[in-house]
Engineer: 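Take this structure first; my questions come after.
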2 protein chains.
Amino acid sequence: MPDYRQLEKDFLELLKEQKAYQEALALIQWDLRTKIPPKGVDQRSEVIGFLSQKVFQITTSEKMKMYIDSLKGKASNPIIQRSLEECEEEYNRNRKIPEVEFKEFTMLQSKSETLWQEAREKGDFAQLQPYLEKLIEYNKKFAEYWGYEKNRYDALLHVYEPGVTTELLDEVFPALRRSLAGLLKKITASERKPDSTILQKHFPKQAQETFSLEILKRMGYDFAAGRLDETIHPFAIAINPRDVRVTTRYDESDFRMAIFGTIHEGGHALYEQNIDQAMAQTPLADGTSMGIHESQSLFWENFVARSEAFWENHYSLFKHIAPDEFDDIPFSDFYCAVNEVKPSLIRIEADELTYCLHIMVRYELEKALINDEIEVRDLPELWNQKMEDYLGIRPQSDREGVLQDIHWAAGDFGYFPSYALGYMYAAQFHQKLETTLDVESAIKSGNFAAIKNWLGENIHQYGKLKKPLEILQDVTGEGLNPEFLVEHLQSKYARIYQF
Amino acid sequence: MPDYRQLEKDFLELLKEQKAYQEALALIQWDLRTKIPPKGVDQRSEVIGFLSQKVFQITTSEKMKMYIDSLKGKASNPIIQRSLEECEEEYNRNRKIPEVEFKEFTMLQSKSETLWQEAREKGDFAQLQPYLEKLIEYNKKFAEYWGYEKNRYDALLHVYEPGVTTELLDEVFPALRRSLAGLLKKITASERKPDSTILQKHFPKQAQETFSLEILKRMGYDFAAGRLDETIHPFAIAINPRDVRVTTRYDESDFRMAIFGTIHEGGHALYEQNIDQAMAQTPLADGTSMGIHESQSLFWENFVARSEAFWENHYSLFKHIAPDEFDDIPFSDFYCAVNEVKPSLIRIEADELTYCLHIMVRYELEKALINDEIEVRDLPELWNQKMEDYLGIRPQSDREGVLQDIHWAAGDFGYFPSYALGYMYAAQFHQKLETTLDVESAIKSGNFAAIKNWLGENIHQYGKLKKPLEILQDVTGEGLNPEFLVEHLQSKYARIYQF
């Protein structure tokens, strides 16, 4: 009989090695997006390639396979058992693709990403088209290798949001869309027109940083285990479980970018900072899915920082830090401006209400692409048509249409739905929290500890120990339900737009 | 017959792997000393251990040995040939030590470094003594394993300054000491007393940074291949050949720390930035020795930035950036204050003249320790006596005596002489440069390109392609010669102290 305890030890050692490579890679990624001088990039890319290959080799090694086969079902605790399952998933995902195809795909991704920047700049979809076609072919092949029950797209969804299926999304998204469309109609019809241009006054970077740091502190972000830096595309990154960094971008003519961005990334970071340390050196020390991760950032951004209660407490601090030009804005104008709803063409600039409509456009198109129902060459027209159908506006160029996001050009299909799932999960968590805490009063008091602790206890601590829908079920007692998001938006905008 | 070209290719591939690990390690080191949040450190140390072990495994691998044996003498170009020699040196250095001893030594180093901080704080030499004894025992053993011709200490010197021997130092140091003592006597006797306390006025960090950045730019430091950050113990680090970073420390009550520190580290960085790119992925992409490296930092710090010509040009810029309190300092008082000579107890605070005397104290003691001529327990007393003999002052505690430096506590013996060698090399290079360029006028004009290019062409570009004394010989036509340093100090201080 094999010595299981020794095998477990060896397995954990291998996970540590993998983590060591991943930690080095994470630091390199952070540096690449915050500090690296331009001439250093080329050589650093080589290092990324080398270290990523080492991780890939571990995840697909015979040794790994041996641990999985020997230990699965015999693990001495749930952390090891779930780690084995995670490793098995990854082993299968990576091993099922022939090595040569994986390499070709990776090279194609990298070329296509670079090309995308140029194509977007010029609004030239034709330039990207052949690359997209190939990337989709690979995604279809991979989905076949990985397998699925009902819909080929499920295999891709599974990578980002295990448990969520095309069937579920096809039930939930249309219902959500109808509700959002109804709300949007009322808002458009309202005579109340919040004006966000009143917010576009000069606000020096330094002062924006002061406010951002103060809010992060109040959220309970641990600065002894993290830091805030400047970047072009904001992100949060766990370099190790005790070093979880936040980045933000300062636009001196629009403070919303930095302040809501910092709070959003801070929400991601709180998740990573509060995963149980017992999992620190395992693959479970990570958010359980893209969607649950997004629910945490959106919880803080939308349910906390865009709420009336938040600004009732923080508007005086804001005015204290902001330049004098903001002094004349009455509270209610300010709060409404921060929550202005206005269909727009660019996803990352969308408001809280229309955001999910952007996601549905993408979801329906990528699902159809993967299932051979539409052609890549028709994408621009289909995109524009859907934008008109769902948001009532039509892009005038592919730059503000199908070319705006990097995801497809980077070969990522099945990722977009996570964003909308994050909105719904966040609303479900919020509704549940309200049954045990007067959330509004907590926000108004500016003491966020109760909120942070509830999220920590119910979601963060588990890392990947629970699957996304398992967490949702355990916390709320039900599955995915778009109603709570709709209720939240309905009650919020009814006040703002008075309908 | 083996396929040598293929073997060479494979050898270069192995060097690239090694470089990839080293690049990740260098970035981690930079981060550790500039940005990391405190709680992230423990886990990061594990990663350092893991990656360092990978490097060690490559340098001591059978594969490496095979390349060395197969290719040495048959390399198709000098870069490959010298790389093979470097790899052989390292292979031998690491393989000659039994693995268990190397591991014990490494663990001892790390414990001793930590302990040293406490011992220094308390001025308690006895606490460190048993560790020092063991570390010295290991160093003696290692020296025996590595081998030497005449003096056991040579084996240690060789690690930092290949080619330089105890015999050479025993000839050069006493001569230099006598000259420095003579100069010091004249200075002490002089009625001129420059007063450096006039420089100790409040100078905000931001403004110090502005001045530092401007000087780095003028030196020709390439900011597209580097950056300046804040740290506690300043350093320069080549993360890769196109990413060479400088760090500095801001003391708001004494600008000299940051400004001369930045220029010093900038000198190191210029060296690394200007190594021939053809060596980029080999062990030759590095300064050729500690001493030559130090000669480059000292060239810029002492021969450029502490010169009268430099301040004649830059004093107006300095006054423009510095707070108003500096306005009243006449140029000559300022220049003399910056060059005040005053025997002091702490090496890193020493002036340009007395610095080498601090080094000689350490050299003589560590040489005697390695050759069993003195006992560790007698070190404090011997240290204090030598300080009195050479500098005329006596430490009142071991904190400002034998415990001040980390080097011995970290197990590094044979390192200290490099600092003094750097002074002498720099003076020799400076004298040579003066035969082809009016250095004073170049400095006065503020256009440092001619200086930077000369150092680049004569020293920097070669990396480790030439050994330290080979570079010295090729550039100056002679070996180590302390006379030029003495001449430089004599002529400089004769003006300042009027003797």
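Below, chain A is the first sequence line, B the second, and so on; all start at residue 1.
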Engineer: Do you know which of Pro37(B), Ala225(B), Gly226(B) has the most heavy-atom pairs under 4.5 Å to chain A?
Structural biologist: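 Answer, by heavy-atom pair count under 4.5 Å with chain A: Pro37(B).
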Engineer: Taking atom types as modelled, find out whether His460(B) and Gln273(B) have a side-chain donor-acceptor pair closer than 3.5 angstrom.
Structural biologist: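 Absent: no donor and acceptor within the cut-off.
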Engineer: Under 4.5 Å from any heavy atom of chain A, what part of Glu23(B) do you find: side chain, backbone, both or neither?
Structural biologist: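 Just the side chain, heavy atoms under 4.5 Å.
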Engineer: As an exercise: rank Phe50(B), Phe223(B), Trp30(B) by heavy-atom pairs under 4.5 Å with chain A and give me the winner.
Structural biologist: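 Option with the top pair count is Phe50(B).
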Engineer: For chain A, which of Ala224(B), Gly49(B), Gly40(B), Pro38(B) has the most heavy-atom pairs under 4.5 Å?
Structural biologist: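 Option with the top pair count is Ala224(B).
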Engineer: When you compare the side chains of Gln43(B) and Gln281(A), does any donor N or O come within less than 3.5 Å of an acceptor on the partner?
Structural biologist: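 Short answer, yes.
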Engineer: Is the ring centre of Phe102(B) less than 6.0 Å from the ring centre of Phe56(B)?
Structural biologist: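 Here the rings of Phe56(B) and Phe102(B) have centres that are less than 6.0 Å from each other.
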Engineer: What part of Asp42(B) is in contact with chain A, defined as an atom under 4.5 angstrom from a non-hydrogen atom: side chain, backbone, both or neither?
Structural biologist: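 Neither part, no heavy atoms under 4.5 Å.
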Engineer: Measure distances from Glu17(B) to the heavy atoms of chain A and classify the residue's part below 4.5 Å as side chain, backbone, both or neither.
Structural biologist: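 Backbone plus side chain of Glu17(B), per the 4.5 Å heavy-atom cut-off to chain A.
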Engineer: Which bit of Arg245(B) comes within less than 4.5 Å of chain A, counting heavy atoms only: side chain, backbone, both or neither?
Structural biologist: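 For Arg245(B), the side chain is the part near chain A, not the backbone.
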Engineer: Hey, which of Val41(B), Asp243(B), Ile48(B) has the most heavy atom pairs under 4.5 Å with chain A?
Structural biologist: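 That would be Asp243(B).
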Engineer: Sort out for me which of Ile239(B), Val47(B), Val244(B), Leu51(B) touches chain A most, counting heavy-atom pairs under 4.5 Å.
Structural biologist: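 The answer is Val47(B).
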Engineer: Between Glu209(A) and Lys205(A), is the closest basic N to carboxylate O distance under 4.0 Å?
Structural biologist: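 Here Lys205(A) does not pair with Glu209(A) in a salt bridge, since their nearest N and O are not under 4.0 Å apart.
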Engineer: Rounded to the nearest 0.5 Å, what's the gap from OH on Tyr67(A) to CG on Leu84(A)? Could you check?
Structural biologist: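 It comes to 11.0 Å.
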Engineer: Is it the backbone or the side chain of Ile36(B) that comes under 4.5 Å from a heavy atom of chain A, or both, or neither?
Structural biologist: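 Both the backbone and the side chain of Ile36(B) come within 4.5 Å of chain A.
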Engineer: Is any side-chain N of the basic residue among Lys16(A) and Glu13(A) closer than 4.0 Å to the acidic one's carboxylate O?
Structural biologist: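 A salt bridge links Lys16(A) with Glu13(A).
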Engineer: Classify the angle between the aromatic ring planes of His268(B) and His293(B) as parallel (below 30°), tilted (30 to 60°) or perpendicular (above 60°).
Structural biologist: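 Tilted.
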